[in-house]
Amino acid sequence: MGISHLNGDRAYRTVSNSTRAGNTRNLINAELVVSVSWLIKLRWIAGAGVLIVTVVIENIFHLGAPYTMLYGIGVSILLYNLYFYVSEQKASKSNRSEIYYQRLTIWQTVLDWIAMTLLFHYSGGIESPAIWYFIFHIIISAIFFPLNIAFTISILAILLVSGTTFLEYVGILTHQPLSGFLPQPLYQQPLYILGVLGFYSSTAVIVTFLVGSIQNHLRQRESEIIELTENLQRTTKRLQALNECAKIVGSTLELKQVLERMVETTAKAMEARACSIRMLDKSGRYLEPVAVYGLSQTYINKGPVDGLTNLLARETLSGKVVNIPNAPESPLLQYPEEARAEGIKSMLSAPLLGKNGPMGILRVYAVEPNRFNQEDEEFISAIAAQGSIAIENALAYQGIQELDKMKSQFIQMVTHELRSPVSVTRSLLRTITAGYAGDLNEQQRDILDRAVRRIEFLQKLVDDLLDLATGKAQPKLDERPVPTELIAVIRRVIARYQIPVKEKGITLEFLNKCQCEEIRVYATIEGLDRILNNLLSNAVKYTLKDGKVTISLERMDGEVHLAVQDTGIGIPEESLPKLFQEFYRAPNAKEIENEGTGLGLSIIKDIINRFGGRITVESKLGKGSTFNVFLPLEGVEKP
Amino acid sequence: MSKKHILIIDDDPDQRLTVRLPLEAAGYQVSEAKSSEEGLGMVKQVRPDLIVLDVMMDTTTAGFQVALTLHSPDPNSEYKEFRHTPIIMLTAIHSTTPLRFAPDSDYLPVEIFLEKPIDIEVLLAKVKELLPQ
């Protein structure tokens, strides 16, 4: 019983400076386990010792003694030690609790004291040389137990020895001498008894004091080391958490992910039960939960948090770290009952501050009262500062994406509205030029033809713009790239250019270097058609008579390389970087064809990007150009 | 032999004119309806030999609804006598319709899709094909 107390006492002393008892408890438990197994080992020696000494005094010294009892005691010690040994082996395998080990220790001590007292009594009481064996147990208890307990144990040892001696002295217990050991019985000589008991008792007390003091000193050192180790572990953990947060800031721009990883990292680093982030809503007044780790839904949905009337929120948003050591009782809390029900006893709140003022609150919750200290306050401040940067970056990125989408949607809408009247105007003009509205004179026809040409250009521009906008707007689900056969598309597009090529007097060649009749890439048929059509139409357009256009196809590592090469007018070096920009046209291209929108290449670049591929261009002015398209092969992990 | 009758269902009067002029010049009798509702009424009234139908009218897919109603396989359909009346559907691929690319006849019981802007020669050729004299 004393032992369970004393362990509790030690646990308290060791961790009094720290509320994080987890590690320390483990250490004490480990020590207890070690000491139990150590006691068992020593007891083998003690039991065997009793038996050997008995054999020696019986057979070598031929003393008279109650041998049956002495052998009995030796065998009993070995037997109950065997029981403890087996129990301890089993317990270490099944990872038993601390309480189990404490009980085991108590039972061992009780049995040891009984065995020792019996040994003392049956080897002659006050005349017994075994009296000094009590000192072992006194030393052991002074090592393992706090000083007051060790003194209690040594006094118990004194009382047991004195009591047995007294009972033998007055004749209540029969004196069991080792006959032949002493020339005459001394157990009734008061002076001898006083002398032996006096020295025995003082030895017991002095040994307890000496061992206990040294041990106390060591124990103090030990607890300091434990605390330092703990501090070190905590600091490492926090540094890791800060590092983790820095990584989050750098790695992802998805706001939800940023916030969720932050709350989890913070809760774990601070060994707290939960962590949450609330952000100010659009009104800038109410705080909405955006990421939560370790809190129940009931607690999260407890009610609106108003940044103006909620005292804790107001205080935090003003830029301070607020430490609440006694959560349910704090007057700052708007929902004390909910906090009590959730088991929250401490809270630590830090503001998330952006460039334009507070954005939200990072809060950590613990189930222990008085949990957070100044070190924690500094740590949460650092995390909140890192987090604020991550949040601002993510918000800015989100804003840009939304803006880009809105822009695309706007262009799409406007373009669509433009397209319809342009299309009808062209049809109307065509009914006149085709003579369905009566005959025209030559001048009228010429003017109308010019108008038709202008309208046709406008129509192409609008179509291209609409393609570009549609491509940039959210790609629809059914237009996701799927494994698509490429060679058939190439042949179909080439067939389309057979007549123009013949009319212009240039050759068009297809070089299939992959030695196969089918090759599948991640794309859509429409997209591939569009890419090839654009590249081939450009190549044919800008290649002069007797020139050559070559399409080649090659399978490479994980992708397909499609090249469209021409011996045309080429692209000026200064134009190359701008080639894929919207509306850009190289000056020499304008000379060949005045009416081009400059959107074709940016449209196909956009399509190729959506397929997970890329496009490059090489060109030499006057010699020709090569456009290289790389598309991911089917079955290859897409980036 | 009487003139073949063609019904144009389109909400854009200019578009109707550009279809009407060449068809009349080619010797067809032409009627016009400016909404899908009016169109379905006119079908019963004028009993056309062929219908030119715009996709986007009061809703973005109103034309599809008209085509489905007219060519419904339901034997009790009130339009069952027009089940085999050919339809030329005018579509705009470049549009904000939920269906970005024109559906084909597997999905819709329509004979031919023509993409706007309409090429008059193509339109006339298709009409001639569907209505042999």
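Everything numeric here is computed off the predicted structure, so don't read it as measured data.
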Query raised in the report: Does the side-chain contact (heavy atoms from CB on, under 4.5 Å) test come out yes or no for Tyr436(A) and Thr18(B), once each step is laid out?
Result: CA-CA 9 Å; Tyr436(A) 295 113; Thr18(B) 61; over 6 Å; no
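Note that the OG atom of Ser423(A) and the CG atom of Asp14(B) stand 10.5 Å from one another [nearest 0.5 Å]. Atom CD1 in Ile118(B) sits 12.5 Å away from atom OG1 in Thr431(A) (nearest 0.5 Å). Taking CG of Asp119(B) as the start and CZ of Arg426(A) as the end, the distance is 7.0 Å to the nearest 0.5 Å. To the nearest 0.5 Å, the span separating CD on Gln459(A) from NZ on Lys116(B) amounts to 11.0 Å.
By the neighbour-count criterion of 12 heavy atoms within 6.0 Å, atom CD of Gln443(A) is sparsely surrounded, having that number or fewer from other residues, nucleotides or ligands. Within 6.0 Å of atom CD in Gln444(A), more than 12 heavy atoms from other residues, nucleotides or ligands are found, so the atom counts as buried in its surroundings. More than 12 heavy atoms of other shown residues, nucleotides or ligands fall within 6.0 angstrom of atom NZ in Lys44(B). Atom CD1 of Ile447(A) is surrounded by more than 12 heavy atoms from other residues, nucleotides or ligands within 6.0 Å. Around CZ of Phe510(A), the count of heavy atoms belonging to other residues, nucleotides or ligands within 6.0 Å exceeds 12. Within 6.0 Å of atom NZ in Lys504(A), more than 12 heavy atoms from other residues, nucleotides or ligands are found, so the atom counts as buried in its surroundings.
Only the side chain of Glu121(B) comes within contact range of chain A, with heavy atoms under 4.5 Å apart. Only the side chain of Ile120(B) has a heavy atom closer than 4.5 Å to any heavy atom of chain A.
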